[in-house]
Amino acid sequence: MPVPPRKTIPAAVLRKTLLDWYDAHCRDLPWRSPPSATPPPAYRVWLSEIMLQQTTVTAVIPYFLKFLKKWPQIENLAAADREDVLEAWAGLGYYARARNLHQCARAVMENYGGDFPADEAELRKLPGIGPYTAAAVASIAFDIPAAAVDGNVERVIARYHGLKTPLRDNKKFLKSEAEKLVFAGKTRAGDFTQSLMELGATLCTPKNPQCGRCPWQGGCVAHLNGIAADLPVPPPKTVKPVRYGTVFVLFCPDKKSVFLQKRPDDGLLGGMTEFPSTPWNETPPKTGKDIKKYLPQTVKTAEWQVLPEEIVHHFTHFTLRLSVWQGCGTETSAENRQSWVPAAEVEQRALPGVMQKVWRAALESFKRK
DNA sequence: GAGGCGTGGGC
DNA sequence: TGCCCAAGCCT
């Protein structure tokens, strides 16, 4: 059934409506100041925005608090060893963010005397800060009007205008509509940026949107047509390939230390710590010989225990199935980027999630023996 | 500009 | 259970 054409609501009215809603309903988050209050230090805004890239609020909160405690000011973070930053980030994912975070802190110290520039274009030049984050920091930390268009904002606007084509085909329009709203007022730039995202995060959610509570329900094309939950149209789904590998949990003869190494700085899990492993290929290794040739050169091992359960881990673009071989090494001249680490300290290293799974599995089997 | 890049939680 | 997803950036 066709819906009668709605009256266009002026951007300034939408803006005010949303800010009023935000004043009443915004969440209390560790990196957020209350509505109309003095903005948080740019360091905290930036730190939270980097962590929140493609990551849920729930996952971020403990990491944000840990970082702030460890490195209260940007000069502390800039002065930290990269390894310590990676260790603190371990488990949060998208590790290029941690490398860029550290680089960015050092760049702000060197180029801006420790103060983030209060300028969107200048922020954009810093490592790890793209169009979204530059606008978010400019508006939230400095109250500069700027359109921070993230996934939430795109979804909200796509529904409001009833867009029936994929988001990627509407980037220009989405940005332009966001700007209309942002520049429809001259104050509270930071609150407005957050209000738009807050709407997407709490009411205008991907699934089960709470249109009945939405301050914009009167003008929302998708809602008025009863199709809010069906928008935006999802991109075609692709099949995730499976990759296979074998990973070595190698103990010293005294069983007190294990062999760890560092991954190259670029690419998957760049710069993070790992257990030695075969490459992760689309077919499993065929023979024991195929597997053993990937053992660290300096290590000789007599006996292996193959863990009964494979580790299954879902990366963004492939699924990994890892066999875990546990063994005992008899040679110990660790080279660069490799080391024997006391078992009690393994968990403090920069182990990505998949390697934390491997370690837990190894400890489990150890306990059972 | 399309693909690489993590992880844990919700349904 | 498996699938989908969350405040993007970089190359």
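Letters A, B, ... mirror the listed sequences (proteins, then strands); counts begin at 1.
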Item to complete: State which of dC9(C), dC4(C), dG6(B) makes the closest approach to the side chain of P131(A).
Response: dC9(C)
Fill in: Nearest to side-chain heavy atoms of R97(A), which nucleotide of dG8(C), dG6(B), dC4(C)
dG6(B)
Worksheet item: For the side chain of H317(A), counting heavy atoms from C-beta on, which of dG8(C), dG6(B), dG4(B) is nearest?
Response: dG4(B)
Discussion item. Counting the atoms with a prime plus P, OP1 and OP2 as sugar-phosphate, which does G200(A) contact under 4.0 Å by heavy atoms, base, sugar-phosphate, or nothing?
Written reply: nothing
Discussion item. Is K237(A) close enough to dC4(C) that one of its side-chain N or O atoms is under 4.0 Å from OP1 or OP2 there?
Written reply: yes
Item to complete: Mind telling me whether W359(A) and F275(A) have parallel, tilted or perpendicular rings, with 30° and 60° as the class edges?
Response: parallel
Worksheet item: Do T316(A) and dG6(B) share a donor-acceptor pair, side chain to base, under 3.5 Å?
Response: yes
Discussion item. Of the listed nucleotides (dC9(C), dG4(B), dG6(B)), which one gets closest to any side-chain atom of Q53(A)?
Written reply: dC9(C)
Worksheet item: Below 4.5 Å, heavy atoms only, C-beta onward: do E198(A) and H25(A) meet side chain to side chain?
Response: no
Worksheet entry | Residue pair M355(A) / W280(A): nearest heavy atoms and the distance that separates them | CE-CZ2, 3.8 Å
Item to complete: Would you kindly give the CG-to-P distance between D150(A) and dG8(C), to the nearest whole Å?
Response: 5 Å
Discussion item. What's the closest nucleotide to the side chain of Y95(A) if the choices are dC9(C), dC5(B), dT7(B)?
Written reply: dT7(B)
Practice prompt. Rounded off to whole Å, could you give me the CG-to-C1' distance for the L52(A) and dC5(C) pair?
Written response: 15 Å
Discussion item. Looking at dG6(B), I'd like to know if its phosphate oxygens (OP1 or OP2) sit under 4.0 Å from a side-chain N or O belonging to H313(A).
Written reply: no
Fill in: Short side-chain N/O contact to dT7(B) OP1/OP2 from T56(A), under 4.0 Å
no
Worksheet item: Does the distance from a Lys or Arg side-chain N to an Asp or Glu carboxylate O, for K16(A) and D20(A), drop under 4.0 Å?
Response: yes
Worksheet item: Tell me: CG of L351(A) to P of dT7(B), nearest whole Å?
Response: 10 Å
Item to complete: Would you indicate which nucleotide in dG4(B), dT7(B), dG8(C) comes nearest to any side-chain atom of P352(A)?
Response: dT7(B)
Worksheet item: Can you tell me how far P of dG8(C) sits from CG of L167(A), to the nearest Å?
Response: 12 Å
Discussion item. Let's see if you can work this out: which of dG8(C), dC4(C), dG6(B) has an atom nearest to the side-chain heavy atoms of K207(A)?
Written reply: dC4(C)
Practice prompt. Check the pair N170(A) / T165(A) against side-chain hydrogen bond (donor to acceptor under 3.5 Å, both in side chains), numbers first and verdict last.
Written response: CA-CA 8 Å; N170(A) 294 285; T165(A) 49; 2.9 Å; yes
Worksheet item: Roughly, in whole Å, what's the span from CD1 in I311(A) to P in dG6(B)?
Response: 18 Å
Fill in: Heavy-atom closest pair, residues L163(A) and L231(A)
O-CD2, 3.4 Å
Discussion item. Can you check the distance between dT11(C) and dG6(B), where both ends of the measurement are the P atom (answer in whole Å)?
Written reply: 14 Å
Fill in: Nearest-nucleotide comparison on DNA chain B, the residue closer to the 5′ end among R168(A) and A59(A)
R168(A)
Practice prompt. Just call it for W89(A): base, sugar-phosphate, or nothing, with non-hydrogen atoms closer than 4.0 Å on any strand.
Written response: nothing
Discussion item. Could you tell me how far apart K171(A) (NZ) and dG1(B) (P) are, to the nearest whole angstrom?
Written reply: 12 Å
Worksheet entry | DNA chain C: 5'-proximal contact among I129(A) and T55(A) (nearest heavy atom) | T55(A)
Worksheet item: Taking atom P of dG6(B) as reference, at what distance in whole Å does atom CE of M272(A) sit?
Response: 9 Å
Item to complete: Provide, to the nearest angstrom, the distance between the CD atom belonging to Q356(A) and the C1' atom belonging to dT7(B).
Response: 10 Å
